[in-house]
There are 2 protein chains.
Amino acid sequence: MLNVRSVTGDTRERIHEAGLALFHERGYTGTTVRELAEACGLTAGSLYNHYASKDDLLFAIVDRVHDRADAVLAGALRSAGAGPEAQLEALASAFTAFHIARPQATRVANRDYIYLPPAQRESVVRRRRRVRALFADVLRQGEREGRFSFAVLGSEDAVEAASMAILNMAVWVAEWFDPSGPRTAQDTAALHGRLALRIARG
Amino acid sequence: MLNVRSVTGDTRERIHEAGLALFHERGYTGTTVRELAEACGLTAGSLYNHYASKDDLLFAIVDRVHDRADAVLAGALRSAGAGPEAQLEALASAFTAFHIARPQATRVANRDYIYLPPAQRESVVRRRRRVRALFADVLRQGEREGRFSFAVLGSEDAVEAASMAILNMAVWVAEWFDPSGPRTAQDTAALHGRLALRIARG
DNA sequence: CGTGCGTCTGAACGATCGTTCATACTCGGT
DNA sequence: ACCGAGTATGAACGATCGTTCAGACGCACG
């Protein structure tokens with residue numbers, strides 16, 4: 001019984017990974033459940049023993065990557081201590097490393113979540129907003145403590161634009177970062193941490 | 001005859017705009033030619049009097065937005081004069097304003113160009129690379145003149161990461177910018193220009 | 001040794017996909 | 001009044017879509 005469950009879990013996991021690869025490459029609407037099945041050595045009908053629908057698989061993928069992102073960001077914040085500069089650098093660096101390490105899952109999560117049915121999409125939108133708020137809060141706290149400066153920029157609530165700039169820098173890094181290139185992922189993550197400080201510190 | 005052509009051109013243009021709206025909202029693979037036709041008050045078969053295929057419409061959309069982006073960037077560079085700081089600020093600001101002004105076309109161009117047939121996709125990829133090179137060249141020139149500093153960052157070729165950060169800030173601005181919000185497009189564009197300088201100047 | 005649950009297949013479902021085509025209509029040019 | 005080019009139609013094409021289902025297989029359990 002337990003053994004059966006673990007085999008089942010493996011199949012479900014294999015489908016999950018096939019979804020990562022195929023959604024990443026062809027997009028959600030561009031991927032066929034028969035392609036997903038073939039990538040797992042299964043028949044289309046068999047997928048429905050493991051996921052209720054194609055939507056369901058997409059949500060599983062997007063939800064898991066959000067779980068991991070939350071964990072990574074919480075860990076970065078915890079190990080950074082109290083200073084807003086250390087916190088921002090840790091957040092930007094860890095988020096960048098996260099996106100470099102999981103280019104498939106993060107691209108799918110950021111590009112294809114719009115195809116989720118309304119209820120599940122709302123759930124994802126809420127999680128995305130929470131990540132935005134995490135960065136914006138650190139920026140605002142840093143401004144309050146006089147370490148960051150946004151009022152100088154002359155635009156009201158420049159914090160939102162600045163945090164989106166930092167977020168987009170991290171979120172889309174895998175679209176240009178070349179794992180076989182000269183730079184390592186750690187280098188690039190550290191570099192993004194410093195660029196985030198440039199954005200905030202002025 | 002000329003009148004006929006102009007009517008034809010209107011229909012072709014209406015299809016183009018329906019493609020903008022529908023591809024933007026549902027993605028290329030998520031949009032049906034019958035939906036496109038209905039949005040124009042036409043029949044599916046009629047579309048093929050104006051575009052050779054669904055692919056062809058996508059390429060027309062993506063190619064046109066690249067034409068306009070090139071023009072905007074060239075104009076910004078021309079009116080900025082010789083200084084790398086003025087040039088970078090003008091490029092980032094103009095590119096941001098461009099993406100705010102055309103959220104549909106730019107999202108389609110940046111997200112759905114991967115669905116183009118290989119030859120046309122290659123053409124788009126080349127144009128994208130040229131835009132990247134434009135920003136990177138300004139950053140490198142500024143570093144040569146001692147106005148920007150990237151070597152300090154400790155990572156080799158930090159210019160690439162910095163120019164991608166600036167590009168992504170501009171490219172994805174329409175995903176969070178709210179036209180009905182308190183900030184104007186001009187404010188945000190100017191703000192992005194200053195943030196680009198923060199990234200480059202250090 | 002059966003029993004039953006979980007998983008698989010392969011066929012089938014109705015719907016819909018992008019595209020083609022014969023046909024009819026519109027309308028400026030002669 | 002007639003012609004011909006350009007455009008619209010609506011039916012049809014074969015293919016493929018996401019999903020369902022009846023039946024068969026395998027394997028842990030009593």
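Chain naming here is simple, since letters A, B, ... match the order of the sequence lines and numbering starts at 1 in each.
With D:dG18, C:dT20, D:dT9 as the candidates, the nucleotide lying closest to the side chain of B:Thr43 is D:dT9. Across D:dT19, C:dT19, D:dA8, the shortest atom-to-atom separation from the side chain of B:Ala44 is found for C:dT19. Checking D:dG18, C:dT9, D:dT9 against every side-chain atom of A:Leu42, the shortest atom distance belongs to C:dT9. Considering only the side chain of A:Asn49, C:dT7 comes nearest among C:dT7, C:dT19, D:dG10.
In this structure, B:Arg127 pairs ionically with B:Asp67, as a charged nitrogen and a carboxylate oxygen lie closer than 4.0 Å. Look at A:Glu17 and A:Arg64 and you find no salt bridge, because none of the NZ, NE, NH1 or NH2 atoms lies under 4.0 Å from a carboxylate O.
Because its NZ or CZ atom is both nearer than 6.0 Å to the ring centre of B:Tyr51 and within 45° of the ring axis, B:Arg12 counts as a cation-pi partner of that residue.
Spacing between atom OH of A:Tyr115 and atom P of D:dG18 amounts to 14 Å, rounded to whole angstrom units. Atom C1' of nucleotide D:dA8 and atom CZ of B:Arg14 are separated by 12 Å, given to the nearest angstrom. Following rounding to the nearest Å, A:Ile15 (CD1) and C:dT7 (P) show an atom-to-atom distance of 10 Å. The CG-C1' distance, from B:Asp10 to D:dG6, rounds to 15 Å in whole Å. Rounded to an integer number of Å, the gap from CG of B:Leu58 to P of C:dG18 is 13 Å. For B:Leu47 and C:dT20, the CG to P distance is 12 Å, given to the nearest whole Å. Distance A:Asp56 CG to D:dG18 P: 15 Å, rounded to the nearest Å. Taking atom NZ of A:Lys54 as the reference point, atom C1' of D:dC17 lies 9 Å away to the nearest angstrom.
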Apply side chain to side chain contact (heavy atoms under 4.5 Å, CB included) to residues B:Asp112 and B:Val62 and explain how you reach the verdict. CA-CA 9 Å; B:Asp112 292 337; B:Val62 175; over 6 Å; no
Using the rule given for side chain to side chain contact (heavy atoms under 4.5 Å, CB included), can you reason through B:Phe95 versus B:Val173, listing the C-alpha separation, both sets of side-chain angles and the distance that settles it, and then say yes or no? CA-CA 10 Å; B:Phe95 212 36; B:Val173 65; over 6 Å; no
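No donor-acceptor contact under 3.5 angstrom links the side chains of A:Asp55 and A:Ser53, judged on distance only.
In terms of phosphate contacts, B:His50 brings a side-chain nitrogen or oxygen within less than 4.0 Å of OP1 or OP2 of D:dA8. Contact annotation: B:Ser46 reaches the phosphate of D:dT9 (side-chain N/O to OP1 or OP2, under 4.0 Å).
The list of salt bridge (Lys or Arg N to Asp or Glu O under 4.0 Å) pairs with a residue in residues 158-173 of chain B, not counting sequence neighbours, reads A:Arg183-B:Glu160.
Contacts between residues 22-41 of chain A and DNA chain D, counted as heavy-atom distances below 4.0 Å, involve A:Thr31, A:Thr32, A:Val33, A:Arg34.
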